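The model shown is predicted, which means the values in this text are computed figures rather than measured ones.
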Amino acid sequence: MGRNDSSTEALLENLTEPQRAAVTHAEGPLLVLAGPGSGKTRVITRRAAYLAKTVASAHQILAITFTNKAAREMGERIESLDVGAGMTVATFHAFCARLLRIHHDRAGIARNFTILDRDDRRKVVKEAIELCDLSPTNYPPARMEQRIGQAKNDMQGPVAYAESAFGPNDETVSRIYTAYEELLTEYQSLDFDDLLMRVADLLQKDEELRTQLEAKYRFILIDEYQDTNRAQYLIAHLLARDHHNICATGDPDQSIYAWRGADIRNILSFETDHPNAKVVRLEQNYRSTGHILAAADGLIAENIGRKEKALWTENEDGAPVRILECESGTDEARLIAEDIVAQQSAGLGLDEIAVFYRVNALSRALEEALRAAGIRYQIARGVEFYGRKEIKDVLAYLRLMVNPADRVSLLRVINTPARGIGATTVRRMIAHAESSGERLFDVVTDERDLSFLGRSASKVRAFGAAMRDIAPAMEMSPRPALEHVIDHSGLRAMYNKASVGDEDPAANLNELISAAADHQSRFPDATIVDWLEQTALLSDVDALREGEGAVTLMTLHAAKGLEFPVVYMVGLEEGLLPFFRSDEERPDSGHIEEERRLCFVGMTRAMKKLTMSSARYRMLRGQTKRTVRSPFLVSLPDHCVERDSQCAVGAHSGPGPIEGKLPHDIEEWGIGTLVRHPTNGLGQVLHLGKISGRPKADVKFENGHRGVYMLEFAELQRVDFDEVGD
DNA sequence: AATATTCCCGTTTTT
DNA sequence: CGGGAATATT
């Protein structure tokens with residue numbers, strides 16, 4: 001079409017040949033295999049703008065990102081390229097939620113359905129387990145939740161699941177799944193996985209709607225395609241079934257969500273799915289120094305069966321990757337804090353620094369050390385904020401207001417603040433609702449017929465009155481609605497006096513109000529339902545703020561897609577990174593490869609300086625244990641690393657007990673533990689297991705010998721690193 | 001019915 | 001270690 005020539009030209013400036021090819025590819029499927037730091041975001045942004053200026057209009061483009069933060073940033077960047085408004089940029093979940101609200105009648109759900117958060121989902125799963133007359137002790141809700149989630153990610157509803165169930169265990173899960181779905185229907189609630197599954201299902205069954213949407217979204221761009229699950233894959237393909245204008249970007253080496261149903265084959269088989277697909281490889285890295293890239297590349301090269309990519313950079317080598325060995329987790333945190341102070345006095349801003357860890361539990365030591373050193377920091381944990389009691393209380397009132405069927409919220413707030421409505425009263429009301437076939441909410445708020453409650457009737461009436469006081473908020477925009485509810489529910493009064501300890505619930509409520517105000521200023525037309533939806537779909541990184549003058553702490557998973565000049569990765573230890581649980585999980589190569597990719601993702605976030613640290617003794621869930629360094633550190637090519645041991649010599653060299661436990665206690669052995677045998681010499685534990693209840697170890701020795709030993713009889717000595725003399 | 005206390009459990013990562 | 005649930009106490 002060639003309209004607007006000069007600005008279209010501008011979109012192609014400063015692009016390499018492959019980048020330009022990706023931006024200008026018009027109709028037909030396109031796969032962009034983009035290594036870390038290869039300018040992928042720039043390509044997607046420019047491509048979206050380019051399409052909007054040449055062959056489509058903005059509202060015909062659908063761009064799917066992995067986080068809301070990415071969606072917001074991409075939306076802003078595209079807008080700044082002056083292509084007109086109306087482009088849809090969202091996460092899969094947000095897109096699906098919006099679609100389901102608009103087409104709720106077609107999908108067979110209530111318009112104001114509740115989106116269950118993690119806690120609420122667990123509650124309902126637990127309720128389902130109890131409904132099946134099973135005990136949550138024998139059937140841990142967390143496990144059941146995972147099974148149900150897996151089924152949903154795989155597009156298996158309860159009926160399909162029941163059909164494929166094999167064995168008594170599956171059948172029990174199937175019963176729980178069925179009960180869970182019934183509860184969700186009753187509560188007019190959907191969980192995260194439902195959002196995707198329902199939309200995929202709808203698109204499969206409702207050809208009219210599918211056609212209509214495909215016609216609307218003439219171009220579809222999906223980022224982080226390597227992390228899509230079956231439901232997401234289906235949605236993408238159903239929306240592009242006839243026009244095939246699907247552009248997938250991603251990197252198989254950065255696939256880190258297999259545990260939640262992501263299927264790396266989605267990206268690997270893109271070319272078979274779309275035989276005429278154009279494939280563009282972005283292999284030049286603009287982000288990291290040569291040493292950082294070489295180290296990361298050396299690590300990922302150990303994964304087998306991958307699509308090899310030749311990562312390269314023109315950037316200078318820079319400083320070697322620093323491999324820091326510390327004595328303990330607290331030392332590690334302190335050394336990092338000291339190092340940050342040093343960086344700071346060398347002129348670096350705190351905004352430019354990030355610390356990554358595999359598990360959230362590792363953030364505490366870091367927080368303490370940073371606080372002690374007077375370093376400002378922020379943690380990527382938006383979800384945690386919305387999990388606080390006072391926040392959940394307010395949101396529950398709002399959710400109940402818009403969706404009276406939401407019994408989870410009702411039960412949460414009926415006695416919050418305390419109204420003297422106890423378990424007995426609630427039980428009686430539930431029984432009453434069941435026998436009369438009424439909805440619990442209607443029983444509770446029914447002014448006339450509460451006589452069966454006796455003395456408690458007046459208390460329940462007080463709750464009904466509160467709900468009626470709140471009702472006008474339904475018509476307000478988010479901020480005033482929120483303020484109205486906080487004031488009229490009694491929560492404001494309750495939390496104003498409850499400011500004990502270092503928690504400050506009242507302040508958190510105010511923060512929530514400003515979050516609502518913020519949302520409202522960005523989306524002036526947003527309703528309270530929109531805002532609730534947005535809060536339910538928030539991710540940890542969404543809460544990060546730029547220009548705060550603070551170091552950023554986050555999990556490795558949260559770090560995906562980000563970059564920082566200076567990065568520290570902590571806890572490079574066997575069992576932590578790569579993570580595995582001590583009991584189960586046989587060494588599964590798929591798992592370790594995903595852990596390796598996770599490590600790769602973390603390393604490739606770093607632009608200038610990367611430090612990877614481990615602690616010889618790590619305290620986790622209250623116990624200090626001797627650790628073994630991560631095999632990932634061993635994979636890093638020598639020429640690009642610098643090894644630095646900050647362990648106090650002899651600090652733990654004696655045979656003395658550590659925190660009341662003998663260091664040679666077999667309880668402390670993990671996979672990877674070094675051992676010495678009188679004839680075979682030095683070896684490493686490959687597996688741990690039991691023979692008739694007695695612990696055994698499968699050991700591989702330096703001399704090539706391999707054998708299984710009973711730990712209590714074998715002459716195996718545990719070896720600490722200082723004894724090996726590395 | 002509400003609060004205080006103990007104990008027991010898990011134990012990655014998250015839209 | 002820390003949260004949640006069961007138990008004890010008022």
Side-chain angles (χ1 to χ4, degrees), chain A residues 64-71 90-97 115-119 121-123 126 136-137 140-143 145-146 149 152-153 190-197 224 227-229 231-232 255-262 329 356-365 380-384 386-389 415-427 455-456 459 533-542 554-560 571 575-585 591 594-595 597-599 601-602 618-625 659:
Chain A
I64 300 287
T65 58
F66 204 70
T67 63
N68 297 292
K69 179 171 182 272
T91 65
F92 262 113
H93 288 84
F95 174 68
C96 290
I115 299 173
L116 254 47
D117 64 28
R118 201 138 98 266
D119 287 356
R121 180 175 62 183
R122 178 142 315 168
K123 280 185 194 164
K126 205 177 154 210
T137 330
R143 271 231 88 63
E145 220 175 288
Q146 211 187 345
K152 288 186 178 184
N153 286 152
L190 298 182
D191 64 26
F192 291 128
D193 304 316
D194 283 329
L195 296 172
L196 306 175
M197 187 170 92
E224 307 288 4
D227 282 320
T228 51
N229 62 32
Q232 292 166 324
S255 161
I256 56 176
Y257 283 99
W259 53 272
R260 70 171 206 212
F356 304 150
Y357 35 81
R358 179 62 177 81
V359 296
N360 284 303
L362 295 187
S363 74
R364 177 156 282 120
R381 54 175 173 203
V383 177
E384 196 189 59
Y386 286 86
R388 306 183 93 93
K389 186 183 178 309
N415 198 35
T416 311
R419 297 186 175 91
I421 303 169
T424 325
T425 309
V426 169
R427 250 199 317 275
R455 295 198 157 275
S456 302
K459 296 171 175 171
E533 178 173 296
Q534 187 264 137
T535 63
L537 297 179
L538 216 73
S539 76
D540 279 330
V541 282
D542 293 337
M554 68 181 97
T555 64
L556 284 163
H557 282 89
K560 183 165 87 158
L576 249 190
L577 184 61
F579 184 91
F580 47 68
R581 274 146 72 164
S582 45
D583 43 340
E584 44 163 303
E585 277 187 62
H591 173 73
E594 179 152 313
E595 293 294 312
R597 291 193 292 268
L598 187 57
C599 189
V601 166
R618 168 87 54 194
M619 187 172 80
L620 269 177
R621 51 177 201 275
Q623 283 198 319
T624 299
K625 287 190 174 180
E659 308 247 326

With sugar-phosphate meaning primed atoms plus P, OP1 and OP2, does [X] contact a base, only sugar-phosphate, or nothing at under 4.0 Å between heavy atoms?
| X | result |
| --- | --- |
| A:D540 | sugar-phosphate |
| A:N360 | sugar-phosphate |
| A:T67 | nothing |
| A:Y257 | sugar-phosphate |

Could you state the [atom1]-[atom2] distance from [X] to [N], rounded to the nearest angstrom?
| X | N | atom1 | atom2 | result |
| --- | --- | --- | --- | --- |
| A:E384 | C:dG2 | CD | P | 13 Å |
| A:E533 | B:dT15 | CD | P | 15 Å |
| A:E145 | B:dT15 | CD | C1' | 13 Å |
| A:K459 | B:dA1 | NZ | C1' | 8 Å |
| A:L196 | B:dT15 | CG | P | 12 Å |

### Message
I'd like to know if A:R358 and A:E595 make a salt bridge, using a cut-off of under 4.0 Å between side-chain N and carboxylate O.
### Response
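So A:R358 pairs with A:E595 through a salt bridge.
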
Reckon [X] has a side-chain N or O less than 4.0 Å from the OP1 or OP2 of [N]?
| X | N | result |
| --- | --- | --- |
| A:R118 | B:dT15 | no |
| A:N415 | B:dA2 | yes |
| A:T555 | B:dT13 | no |

### Task
Determine the interatomic distance between P on C:dG4 and the same-named atom on B:dT13; round to the nearest Å.
15 Å

#### Entry: Most 5' of A:H93 and A:R419 on DNA chain B, judged by nearest nucleotide
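It is A:R419 whose nearest nucleotide is closer to the 5' end.
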
#### Entry: Residue met sooner reading DNA chain B from 5', once A:F192 and A:T425 are mapped to nucleotides
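The residue mapped nearer the 5' terminus is A:T425.
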
### Task
I would like to know whether A:D193 and A:N229 meet side-chain contact (heavy atoms from CB on, under 4.5 Å); could you show each step before the answer?
CA-CA 10 Å; A:D193 304 316; A:N229 62 32; 5.7 Å; no

### Summary
Closest non-hydrogen atoms of A:R118 and A:F192, given as atom of the first, atom of the second and distance, are N-CE1, 4.4 Å

### Message
Walk me through whether A:K389 and A:T416 qualify under side-chain contact (heavy atoms from CB on, under 4.5 Å).
### Response
CA-CA 11 Å; A:K389 186 183 178 309; A:T416 311; 3.8 Å; yes

### Query
Which nucleotide, C:dC1, B:dT13, B:dT15, lies nearest any side-chain atom of A:M619?
C:dC1

### Query
Can A:Y257 and A:H557 be said to form a side-chain contact (heavy atoms from CB on, under 4.5 Å), step by step?
CA-CA 9 Å; A:Y257 283 99; A:H557 282 89; 3.6 Å; yes

